[in-house]
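I have placed the structure first, in the form of structure tokens, so that the comments after it can refer back to it.
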Amino acid sequence: GLKTAILYFIQKQTKENPDFIKQNISDICASIQHRIVTILMKKLSKAAEETNIKHIAIAGGVSANTGLRYQAAQLAKQKGWQLHIPEFQYCTDNAGMIAITAYFMYQQQQFSTLSTSPSSKV
């Protein structure tokens with residue numbers, strides 16, 4: 001929904017003004033980031049309240065986003081949560097972490113058969 005709404009908005013604006021993106025790129029990016037962070041914080045807050053969780057960890061590539069870090073810290077302070085966010089150097093994309101794990105397993109010749117089914121649990 002959100003990505004589609006953004007796409008339609010940009011298509012409409014560029015139809016009216018072909019230079020819309022070039023003229024407004026900073027505002028477009030800031031607005032999109034703000035909306036995404038707002039949505040994520042609402043979902044995080046709701047999940048924490050429903051599960052009564054007080055320790056929150058944010059990881060993966062998204063955890064490198066400074067806007068998300070700031071809003072998460074503000075929300076944690078307001079809600080009394082313990083917030084855990086890794087240092088920037090450890091905020092890598094999850095696909096990158098999976099790839100490096102696969103690389104090390106390959107080096108050790110740890111292979112699965114083609115009949116192996118994917119699982120999110122080890």
Side-chain angles (χ1 to χ4, degrees):
L2 178 62
K3 292 184 285 187
T4 303
I6 292 166
L7 173 66
Y8 290 159
F9 170 78
I10 289 177
Q11 286 175 338
K12 180 179 181 247
Q13 296 302 316
T14 54
K15 202 178 276 186
E16 295 172 13
N17 173 9
D19 292 328
F20 175 77
I21 294 173
K22 187 192 297 186
Q23 293 171 352
N24 297 284
I25 191 69
S26 295
D27 288 338
I28 294 168
C29 293
S31 296
I32 291 169
Q33 174 178 304
H34 174 76
R35 187 67 187 130
I36 291 170
V37 169
T38 299
I39 290 168
L40 290 173
M41 291 302 102
K42 283 182 181 179
K43 290 183 178 200
L44 175 62
S45 184
K46 183 178 179 183
E49 287 173 16
E50 287 179 2
T51 58
N52 201 30
I53 291 175
K54 301 293 183 199
H55 290 264
I56 307 292
I58 299 174
V62 71
S63 64
N65 182 288
T66 54
L68 181 86
R69 285 173 170 259
Y70 176 79
Q71 290 299 326
Q74 295 302 310
L75 190 58
K77 185 184 289 186
Q78 175 188 349
K79 301 280 187 176
W81 298 338
Q82 287 289 322
L83 181 64
H84 309 278
I85 304 176
E87 294 177 29
F88 280 109
Q89 65 186 354
Y90 302 116
C91 297
T92 59
D93 182 59
N94 292 338
M97 290 186 274
I98 292 168
I100 195 67
T101 300
Y103 172 74
F104 289 128
M105 290 178 76
Y106 175 81
Q107 283 186 319
Q108 296 174 11
Q109 297 187 354
Q110 294 179 356
F111 303 108
S112 295
T113 66
L114 292 177
S115 65
T116 301
S117 298
S119 173
S120 62
K121 308 255 188 267
V122 177

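- Under a hydrophobic clustering in which Ile, Leu, Val, Met, Phe, Trp and Tyr are joined whenever their side-chain heavy atoms come within less than 4.5 Å, directly or via other members, Ile36 and Ile25 fall into the same cluster.
- Residues passing the ring pair (Phe, Tyr, Trp, His ring centres under 6.0 Å) test with Tyr103: none are found, sequence neighbours excluded.
- Note: Ile58 CD1 to Leu44 CG = 6.0 Å, rounded to the nearest 0.5 Å.
- The shortest heavy-atom contact between Leu75 and Met41 is CD2-O, 3.7 Å.
- Leu68 contributes atom CG, which lies 7.0 Å from atom CD1 of Ile85 (distance to the nearest 0.5 angstrom).
- Residues Thr14 and Glu16 have side chains not in contact (no heavy-atom distance under 4.5 Å, counting atoms from C-beta outward).
- The distance from atom CG of Leu7 to atom CG of Leu2, rounded to the nearest 0.5 Å, is 11.0 Å.
- Scanning for ring pair (Phe, Tyr, Trp, His ring centres under 6.0 Å) contacts around Tyr70 gives an empty result, with sequence neighbours left out.
- A 6.0 Å sphere centred on OH of Tyr106 holds no more than 12 heavy atoms belonging to other residues, nucleotides or ligands.
- Of the inter-residue distances, the one linking Lys15 atom NZ with Asn17 atom CG reads 14.0 Å to the nearest 0.5 angstrom.
- Between the Thr116 side chain and the Thr113 main chain, a donor and an acceptor come within less than 3.5 Å of each other.
- Remark: Lys79 pairs with Glu49 by the salt bridge (Lys or Arg N to Asp or Glu O under 4.0 Å) rule, at least two apart or across chains.
- Ring-plane geometry between Phe20 and Phe9 is classed as perpendicular, the angle between the planes exceeding 60 degrees on a 0 to 90 degree scale with a lower cut at 30.
- Shortest non-hydrogen contact noted between His84 and Gln82 is CD2-O, 3.6 Å.
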Worked check of side chain to side chain contact (heavy atoms under 4.5 Å, CB included) between Lys46 and Lys43:
CA-CA 5 Å; Lys46 183 178 179 183; Lys43 290 183 178 200; 5.8 Å; no

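- Expressed to the nearest 0.5 Å, how far CD1 of Ile10 lies from NZ of Lys12 amounts to 13.0 Å.
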Ile21 and Gln23: side chain to side chain contact (heavy atoms under 4.5 Å, CB included), yes or no, with the steps?
CA-CA 5 Å; Ile21 294 173; Gln23 293 171 352; over 6 Å; no

Carefully, step by step, assess Cys91 and Arg69 under the rule side chain to side chain contact (heavy atoms under 4.5 Å, CB included).
CA-CA 11 Å; Cys91 297; Arg69 285 173 170 259; 3.1 Å; yes

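- A donor-acceptor pair is defined here as one N or O able to donate and one able to accept, closer than 3.5 Å; such a pair exists between the side chain of Thr38 and the backbone of His34.
- Residue Asn65 holds its CG atom at 9.0 Å from CG of Leu40, rounded to the nearest 0.5 Å.
- Ala48 and Ile56 get closest at one heavy-atom pair: CB-CD1, 4.0 Å.
- A donor-acceptor distance shorter than 3.5 angstrom exists from the side chain of Ser63 to the backbone of Gly60, with no hydrogens or angles considered.
- The environment of Phe88 atom CZ is dense: over 12 non-hydrogen atoms of other residues, nucleotides or ligands sit within 6.0 angstrom.
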